[in-house]
Amino acid sequence: QLKLVESGGGLVQPGGSLSLSCVVSGAQLEEYAVSWFRQAPGREREGVSCVSFRTGLPEYLASVQGRFTISKDNARNTAYLQMNDLRPEDTAVYYCAVARDYYCSTFVSSWRRAMDYWGEGTLVTVSL
């Protein structure tokens, strides 16, 4: 049974940084693309970033480009989302998800239906 567990969320001031982790068990992460999504209260879940399974090439939501960095360590079966220069509008529950043999599309809206497994999420709050 494949399982994903996120961690690293918390409260941070605007302009601050957080690093999220997603530990995957029950599968070899090298066979999967990894995506990060977020869902703010009253809003739909949206894709934030995606890293393809073989190439390791990343894609980003436009509003986080240059501030967020996605990566995955296949040896540790762990994916990461480094978030810098955080803004109040980044406040949300952040989820990681994986899709086997998937190359991340440049169309962010297509990621969600491609994902096979999801974590339970970790809350990120950006506030004074």
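Reckoned from all heavy atoms, side chains included, excluding hydrogens, waters and symmetry mates.
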Any E30 side-chain heavy atom under 4.5 Å of N77 side chain: no
Got a second to check how far Q1's CD is from S25's OG, nearest 0.5 Å? 9.0 Å
Show the nearest heavy-atom pair for residues F37 and A97, with the distance to one decimal. CE1-CB, 4.1 Å
Can you sort out the partners of Q65 under side chain to side chain donor-acceptor pair (under 3.5 Å), two or more places apart, ordered by chain and number? none
Those residues at least two apart in sequence (or on a different chain) that pass side chain to side chain donor-acceptor pair (under 3.5 Å) with D73 are R76
Count the heavy atoms belonging to other residues, nucleotides or ligands that lie under 6.0 Å from CD of E44, then report whether that count exceeds 12. no
Under the salt bridge (charged side-chain N to carboxylate O under 4.0 Å, His left out) rule, what pairs show up with a residue in residues 7-18, not counting sequence neighbours? none
Residue pair T78 / V24, side-chain heavy-atom distance below 4.5 Å: no
With sequence neighbours left out, the residues meeting side chain to side chain donor-acceptor pair (under 3.5 Å) with Q39 are R45
To the nearest 0.5 Å, what is the distance between CD (E46) and OG (S63)? 6.0 Å
For S19 and Q82 the tightest heavy-atom approach is CB-OE1, 3.3 Å
Path from V48 to L123 over hydrophobic side-chain contacts below 4.5 Å: yes
For residues 66-115, which residue pairs pass the ring pair (Phe, Tyr, Trp, His ring centres under 6.0 Å) check, not counting sequence neighbours? F53-Y103
Counterpart residues, salt bridge (charged side-chain N to carboxylate O under 4.0 Å, His left out), relative to R67 (two or more places apart): D90
At their closest point, which heavy atom of I70 faces which heavy atom of P58, and how far apart are they? CG2-CB, 3.6 Å
Do L57 and V51 make a side-chain contact, defined as non-hydrogen atoms from C-beta onward lying under 4.5 Å apart? no
Side-chain donor or acceptor of T91 paired with backbone N/O of P88 under 3.5 Å: yes
Using the side chain to side chain contact (heavy atoms under 4.5 Å, CB included) rule, take L2 and Y32 through it: C-alpha gap first, then chi angles, then the decisive distance, then the call. CA-CA 11 Å; L2 195 151; Y32 291 80; 3.6 Å; yes
By side chain to side chain donor-acceptor pair (under 3.5 Å) - contacts of T69 (at least two apart): none
With a 4.5 Å cut-off on side-chain heavy atoms, are L20 and M83 touching? yes
Check the pair Q13 / V126 against side chain to side chain contact (heavy atoms under 4.5 Å, CB included), numbers first and verdict last. CA-CA 5 Å; Q13 293 186 352; V126 185; over 6 Å; no
Residues in salt bridge (charged side-chain N to carboxylate O under 4.0 Å, His left out) contact with E31, at least two apart in sequence or another chain: R100
One should read off an interatomic distance between S21 OG and E6 CD, to the nearest 0.5 angstrom, of 10.0 Å
Quick one: pull up OG in S35 and CZ in R112 and give me the separation to the nearest 0.5 Å. 12.0 Å
So side chain to side chain donor-acceptor pair (under 3.5 Å) across residues 117-128, not counting sequence neighbours, yields none
Which pairs with one or both residues in residues 9-80 pass disulfide bond (SG atoms under 2.5 Å apart), sequence neighbours excluded? C22-C96, C50-C104
If every non-hydrogen atom of S17 is compared with every non-hydrogen atom of D85, which pair is closest and at what distance? OG-N, 4.3 Å
Shortest non-hydrogen pair, S49 vs L81, comes out as CB-CD1, 4.2 Å
A side-chain contact here means heavy atoms from C-beta on lying under 4.5 Å apart; do L86 and P14 qualify? no
